[in-house]
Amino acid sequence: MAKKVSRKSGAPAQRSTPLPPRTHAPLPKRFSMVRSFTAADLLTLGNGVCGSMSIMFAMRSLITQRVIFLHVGFAFVPLGVLFDFFDGKVARMYNSSSLLGQELDSLADLVSSLP
């Protein structure tokens with residue numbers, strides 16, 4: 001390896017002050033909404049899925065003209081109501097709330113109230 005040499009005298013360069021010892025600071029955590037995922041959020045997702053499935057089955061009954069798809073779509077509505085009820089209960093029971101949960105609950109309520 002080549003040594004550092006002073007420009008003027010050609011002698012090896014000397015540091016006037018020694019470098020402080022290296023300390024490895026912990027890396028800052030990235031902001032992630034997924035890390036704050038709680039049990040109530042799973043129930044909220046169930047509410048949103050039930051609302052979406054209800055809409056999909058209702059549209060399928062319109063396309064195929066089969067009433068059974070409409071009945072299946074109607075069955076998802078009370079199931080979504082149960083998920084919505086229990087996600088509030090679980091969130092209060094564990095005293096947990098997250099930014100993701102609040103936004104997800106609003107979206108799921110909107111989707112499940114459309115049918």
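Sequence positions, counted from 1, serve as the residue numbers for this chain.
In plain terms, the two heavy atoms of Leu70 and Ser61 that are nearest each other are N-CB, 3.5 Å. Smallest separation of non-hydrogen atoms from Asn47 and Ala108: ND2-CB, 3.8 Å. For Phe69 against Phe57, the heavy-atom pair with the smallest separation is O-CB, 3.4 Å. Contact detail for Ser54 and Phe76: the closest heavy-atom pair is CB-CB, 3.9 Å. Nearest heavy atoms, Val111 versus Ile55: O-CD1, 3.9 Å.
At distances below 3.5 Å, at least one donor-acceptor pair connects side-chain atoms of Asp41 with backbone N or O atoms of Thr38. Within the 3.5 Å criterion, the main-chain N or O of Gly88 finds a donor-acceptor partner in the side chain of Arg92.
Grouping the Ile, Leu, Val, Met, Phe, Trp and Tyr side chains by contacts below 4.5 angstrom, directly or via other members, places Phe85 with Met53. Residues Val81 and Leu104 are members of separate hydrophobic clusters, defined by side-chain heavy-atom contacts under 4.5 angstrom among Ile, Leu, Val, Met, Phe, Trp and Tyr. No continuous path of ILVMFWY side-chain contacts below 4.5 Å connects Leu43 to Val77, so the two sit in separate hydrophobic clusters. Criterion: ILVMFWY side-chain heavy atoms under 4.5 Å apart, direct or through other members. Under it, Leu62 and Ile68 are not part of a common hydrophobic cluster. Follow the hydrophobic side-chain contacts under 4.5 Å out from Leu82 and you reach Met93 in the same cluster.
No side-chain heavy atom of Phe83 sits less than 4.5 Å from a side-chain heavy atom of Asp87.
A distance of 12.0 Å separates CD of Glu103 from OG1 of Thr44, quoted to the nearest 0.5 Å. Between the CG atom in Asp105 and the CG atom in Leu110 there is a gap of 11.5 Å [rounded to 0.5 Å].
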